Undergrad: 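A single structure is presented below for examination.
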Amino acid sequence: MNARKLSTHVLNTSTGKAASNVKVTVYRLNEFQEWIAIKPAQTNADGRCQLLAEADFINGIYKLTFQVGSYFAEQNIKTFYPAIDVVVDCCEAQSYHIPLLISPFGYTTYRGT
């Protein structure tokens with residue numbers, strides 16, 4: 001059986017390519033309804049990033065903050081979204097893969113496998 005993990009994959013739909021070097025920060029909602037930063041990360045050349053391994057990944061509500069403004073700025077592209085927050089409820093004892101599809105003026109996300 002595979003170990004439980006939280007991961008992401010960022011794809012730029014305006015170019016049809018992986019979004020590399022996108023900074024991502026993982027937060028967990030604590031019992032006081034406050035977001036606690038857990039881990040900073042960055043996507044690799046393929047746009048992928050493992051965010052949490054089993055030892056650090058407890059059941060709860062998580063927020064992934066993607067710094068897409070700096071990603072687009074590096075390409076001299078203006079974007080409407082400086083950052084994108086994706087909030088997910090990871091309440092099952094299983095892995096969660098959260099892809100993010102971005103363009104300068106839109107985005108979408110879904111529960112991947």
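For clarity, every value in this text was computed on a predicted model and none was experimentally measured. Note: hydrogens, waters and symmetry copies are ignored here, and every other heavy atom, side chains too, is used.
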Undergrad: How close do N30 and F32 get, heavy atom to heavy atom, and via which atoms?
TA: OD1-N, 2.8 Å
Undergrad: From the options T8, T25, I102, select the one residue that forms a side-chain contact (heavy atoms from CB on, under 4.5 Å) with F66.
TA: T8
Undergrad: Do any N or O atoms from the side chain of S103 and from the backbone of T13 form a donor-acceptor pair under 3.5 angstrom?
TA: no
Undergrad: Measure across L51 and K39 and return the closest heavy-atom pair with its distance rounded to 0.1 Å.
TA: O-CD, 2.9 Å
Undergrad: At their closest point, which heavy atom of T65 faces which heavy atom of A83, and how far apart are they?
TA: CG2-CB, 4.3 Å
Undergrad: Are Y62 and Y27 near enough that their ring centres are under 6.0 Å apart?
TA: no
Undergrad: For D46, give me all partners under salt bridge (charged side-chain N to carboxylate O under 4.0 Å, His left out), at least two apart in sequence or on another chain.
TA: R48
Undergrad: For the pair T43 (side chain) and A19 (backbone), establish whether a donor and an acceptor sit closer than 3.5 Å, ignoring hydrogens and angles.
TA: yes
Undergrad: Hey, could you give me the OG/CZ distance between S14 and F72, rounded to the nearest 0.5 Å?
TA: 5.5 Å
Undergrad: Please name all residues satisfying side-chain hydrogen bond (donor to acceptor under 3.5 Å, both in side chains) with Y71, sequence neighbours left out, ordered by chain then number.
TA: N12, Q75
Undergrad: Assess the side chains of R4 and N59: does a donor N or O sit below 3.5 Å from an acceptor N or O?
TA: yes
Undergrad: Any donor and acceptor pair, going by atom type alone, linking the side chain of T109 with main-chain N or O of I98 inside 3.5 Å?
TA: no
Undergrad: Working to the nearest 0.5 Å, report the span between CD1 of I38 and CZ of R28.
TA: 3.5 Å
Undergrad: Looking at every heavy atom in both G47 and A18, which two are closest together, and how far apart are they?
TA: N-CB, 3.7 Å
Undergrad: How many angstroms lie between NE2 in H9 and CG in L100, if you round to the nearest 0.5 Å?
TA: 10.5 Å
Undergrad: Is it the case that the side chain of S20 and the backbone of A45 share a donor-acceptor pair, with hydrogens and angles ignored and the cut-off at 3.5 Å?
TA: no
Undergrad: Are the side chain of K63 and the backbone N or O of D85 linked by a donor-acceptor pair below 3.5 Å?
TA: no
